[in-house]
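One structure is given below, encoded as C-alpha cells.
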Protein chains: 2
Amino acid sequence: MNPALIKVMLVDDHPMVQDGLSACLSFYDDIAIVGNCGDGSAVLETAKQCQPNVILMDISMPKLNGLEATEIITESMDSAKVLIFSMHESAEFVTNAVQAGASGYILKDTNSEEVYQAIKSIAQGKSYFSSSIAKMLIDNPPAQANARLTAREQMILSYIAKGQSSKDIAQTLTISIRTVEAHRRNIKSKLNLDSLAELVRYAVNQGLIDS
Amino acid sequence: MNPALIKVMLVDDHPMVQDGLSACLSFYDDIAIVGNCGDGSAVLETAKQCQPNVILMDISMPKLNGLEATEIITESMDSAKVLIFSMHESAEFVTNAVQAGASGYILKDTNSEEVYQAIKSIAQGKSYFSSSIAKMLIDNPPAQANARLTAREQMILSYIAKGQSSKDIAQTLTISIRTVEAHRRNIKSKLNLDSLAELVRYAVNQGLIDS
DNA sequence: CGGAATGTCGGTAGTAGTACGGATTGTACT
DNA sequence: AGTACAATCCGTACTACTACCGACATTCCG
C-alpha cells in the first residue's frame with residue numbers, strides 16, 4: 001500500500017454529489033475513494049470496513065445527522081479525520097461541528113481544487129476551513145461556544161417548529177405556559193436568534209423535525 | 001454542428017454539483033455542456049448566449065429562485081426545455097414546476113444514468129419525471145392545484161420566513177402594515193396552514209429561502 | 001362590458017409572544 | 001458544603017399577530 005495514498009470515504013445522501021466528488025477527486029492520483037455511504041446511521045460500520053484516512057461528511061442527512069455521525073466516528077476511530085462538507089455558512093454550525101470532533105469545514109460552493117487541498121491538510125493532521133468560514137469566525141467570534149440545547153429545550157423547540165403555541169405545548173407537557181415561555185427565551189438566547197422564523201429554520205436544519 | 005448533439009446548460013448555486021454533473025455527463029458523447037450559471041438572476045442572459053436545448057435547473061437558489069427562472073425562460077425562449085433538478089419530493093413542488101413550464105422533474109438522489117435518460121427525453125420534446133415522483137403523483141393527486149402563490153405573496157412569504165415582522169416588511173416594501181397582514185392571511189388561507197412555523201417550513205421546503 | 005383576481009388600505013377586538021423583573025426546586029459535579 | 005445549571009413558576013407592561021368586518025383601484029380575461 002502506497003503510504004502517501006489518502007483513503008477518502010464519502011458520506012452524503014445525494015448520489016449526484018457523491019458522483020461529482022468521485023469524478024472530481026479521481027483526477028488526483030494521491031487520493032482514493034474507498035467507500036460511499038448515503039446515510040449517517042451506517043457510517044461507523046462502513047468506516048470500519050474501509051478504514052479511511054479522511055471522511056468527507058454532509059451535515060444534513062435523513063435519520064442520523066452529520067454532527068452526531070461525526071461524534072460517533074471521532075470517539076471510536078482515531079485514524080479517521082472528519083471533514084464537514086456543508087452548505088450552511090453559520091457560526092453555530094461550524095462551532096458545533098468542531099465540538100463534535102470535525103477537523104475541517106468546507107462549503108458546498110467551493111471548487112474541487114479547494115476540496116482537494118482540504119483533504120490533503122486534514123490527512124496531514126492539520127485543520128482546514130473555507131476562507132469565507134475563517135473570515136466569518138474572525139468577524140463573528142464564537143462568544144458562546146456552549147450553545148448546545150438541553151434535551152428539554154430540544155423537545156420544546158421541536159414543538160415550536162411544528163407550529164404549536166406555547167399554550168399547546170404547556171398542555172401537551174402538562175407544565176405552565178410561563179415555563180414554556182422561559183424555555184423559548186433561553187433557546188433564543190442560547191442560539192442568538194431573534195425571531196420565531198429563525199428558530200423554525202434552525203430546527204429544520206438540525207433535523208429536529210420531519211419537515 | 002452535429003444535429004444529434006444535445007446542448008445542456010446547468011443552473012445550480014453549488015459548484016460541486018455543477019462539477020459533478022459536468023463530469024458525469026461528459027461520458028456521453030451526444031451531450032455537450034454549453035454553459036453554467038450559479039444564480040437564477042443571470043439565467044436568461046446566459047441562456048441567450050449559449051442557446052441550450054435543455055436547461056438543468058436547481059430550484060433552491062439565492063436571489064431568483066428556480067421556479068421564477070423557469071417561468072422567465074419558458075416564456076421567452078421556445079427552444080430551451082427546462083428540467084428541474086431538485087431534492088424536494090413534494091406534490092406541490094412538482095405541480096408548481098409544471099405550471100411554471102418545466103418539462104421534467106428529477107430528484108437529486110437519482111444516479112447519472114437516469115439524469116442522462118431524462119435529458120434525452122426532454123430534448124426529444126417528451127417529458128420526464130423520476131419514478132418516485134410519478135408514483136407520488138398517482139398516490140397523492142394534486143387536489144388543490146390552485147394553491148399557487150402570486151409573485152407578491154412569494155415575496156412577502158420569503159421575508160416572513162427570514163424572520164421579518166409585518167412592520168419590517170411594510171417598511172422594506174414601503175406599503176402599509178395592513179397590506180402585509182392581508183397578504184399573510186391570504187397566504188395562510190391559500191396554503192391551508194395555520195401557524196407561522198408551518199409557513200416558514202413551507203418556504204424552506206419550497207426553496208424560497210437560502211436556509 | 002362584467003366578473004374575478006390582485007394589490008392596496010382601514011377599524012376593532014382579541015390572542016400570542018416578548019422583555020423586564022423576579023423566585024423555587026432538584027440534581028450533579030467539585 | 002457550595003456552586004452551577006436545569007427546570008419549574010409568577011407579575012406586569014408592551015408589541016406583534018389574528019380574526020372578523022369592510023373598502024377601492026387596476027388588470028386581465030371571457
Side-chain angles (χ1 to χ4, degrees), chain A residues 96 99 143-203 206 208-209, chain B residues 67-68 71-72 74-76 92 95-96 99-101 144-203 208:
Chain A
N96 282 342
Q99 278 178 6
Q144 69 287 25
N146 216 348
R148 281 199 136 170
L149 300 182
T150 66
R152 193 61 159 173
E153 286 165 346
Q154 286 193 26
M155 186 183 299
I156 302 277
L157 178 52
S158 74
Y159 283 118
I160 292 174
K162 274 175 197 153
Q164 301 222 33
S165 67
S166 295
K167 196 171 153 193
D168 294 338
I169 300 170
Q171 283 171 357
T172 305
L173 301 178
T174 55
I175 54 178
S176 158
I177 295 185
R178 317 312 298 272
T179 307
V180 180
E181 286 174 345
H183 282 303
R184 270 187 121 103
R185 257 175 289 142
N186 292 337
I187 293 168
K188 293 211 273 194
S189 155
K190 273 193 184 179
L191 301 177
N192 202 27
L193 299 177
D194 266 347
S195 64
L196 174 55
E198 287 172 297
L199 279 187
V200 175
R201 274 158 48 206
Y202 177 90
Q206 290 292 316
L208 291 177
I209 206 132
Chain B
L67 288 181
E68 296 172 73
E71 214 155 345
I72 292 171
T74 52
E75 280 170 5
S76 46
E92 292 122 356
T95 52
N96 281 345
Q99 280 178 5
Q144 71 285 26
N146 218 349
R148 188 131 188 258
L149 300 182
T150 65
R152 194 61 160 173
E153 286 165 345
Q154 286 193 29
M155 187 182 297
I156 302 276
L157 177 53
S158 73
Y159 283 118
I160 292 173
K162 274 176 198 155
Q164 300 222 35
S165 68
S166 295
K167 196 172 152 192
D168 293 338
I169 300 170
Q171 282 171 357
T172 305
L173 301 178
T174 52
I175 54 178
S176 158
I177 294 184
R178 318 311 300 269
T179 305
V180 180
E181 288 173 345
H183 282 302
R184 270 186 120 104
R185 258 176 287 142
N186 293 337
I187 293 167
K188 292 212 270 194
S189 155
K190 273 193 184 177
L191 301 177
N192 202 29
L193 298 178
D194 267 347
S195 64
L196 174 55
E198 287 173 295
L199 278 187
V200 174
R201 274 158 48 206
Y202 177 88
L208 292 176

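Here is how names work: the chains are called A, B, and so on, in the same order as the sequence lines, proteins then strands, and each is numbered from 1.
- One atom, CG of L173(B), and another, P of dG7(C), lie 12 Å apart when rounded to the nearest Å.
- Between I169(A) atom CD1 and dA16(C) atom C1' there is a gap of 12 Å when expressed in whole angstrom units.
- If you take CD of E181(B) and P of dT6(C), they are 20 Å apart, rounded to a whole angstrom.
- Side-chain N/O atoms of T150(B) include one lying less than 4.0 angstrom from OP1 or OP2 on dG7(C).
- Although no hydrogens or angles enter the test, the distance criterion places a donor-acceptor pair under 3.5 Å between the side chain of T172(A) and the main chain of D168(A).
- Going from atom CG of D194(B) over to atom P of dT18(D) covers 10 Å, rounded to whole Å.
- Between the C1' atom of dT18(D) and the CD atom of E198(B) lies a distance of 15 Å, rounded to the nearest Å.
- Remark: the R178(A) side chain and the dG11(D) base include a donor-acceptor N/O pair separated by less than 3.5 Å.
- OP1 or OP2 of dT15(D) has not a single side-chain nitrogen or oxygen of K167(B) nearer than 4.0 Å.
- Between R184(A) and I175(B), the one whose closest nucleotide on DNA chain C sits nearer the 5' end is I175(B).
- Proximity of K190(A) to the phosphate of dA6(D): a side-chain N or O atom is located under 4.0 Å from OP1 or OP2.
- Atoms CG (L199(A)) and C1' (dT18(C)) sit 13 Å apart, rounded to a whole Å.
- Between the CD1 atom of I187(B) and the C1' atom of dA5(C) there is a distance of 15 Å, rounded to whole Å.
- Going from atom NZ of K188(B) over to atom C1' of dC20(D) covers 14 Å, rounded to whole Å.
- Closest approach to the S166(A) side chain among dC9(D), dC17(D), dG17(C) is made by dG17(C) (side chain taken as heavy atoms from C-beta onward).
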Residues E198(B), R201(B); criterion salt bridge (Lys or Arg N to Asp or Glu O under 4.0 Å); working and verdict: CA-CA 5 Å; E198(B) 287 173 295; R201(B) 274 158 48 206; 5.4 Å; no
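- Formation of a donor-acceptor pair under 3.5 Å by the K188(B) side chain with backbone atoms of L193(B) is not found in this model.
- Along DNA chain C, the nucleotide nearest S165(A) and the nucleotide nearest R185(A) are compared for position; the residue whose nucleotide lies closer to the 5' end is S165(A).
- For A182(A), the listed nucleotide lying nearest its side chain is dT8(D); candidates were dT8(D), dG7(C), dC17(D).
- E181(A) and R178(A) are joined by a salt bridge, as a carboxylate oxygen and a charged side-chain nitrogen come within less than 4.0 angstrom of each other.
- The shortest non-hydrogen separation linking S195(B) to G163(A) is OG-CA, 3.2 Å.
- The shortest distance between the side-chain N/O atoms of H183(A) and the OP1/OP2 oxygens of dA6(D) is not below 4.0 Å.
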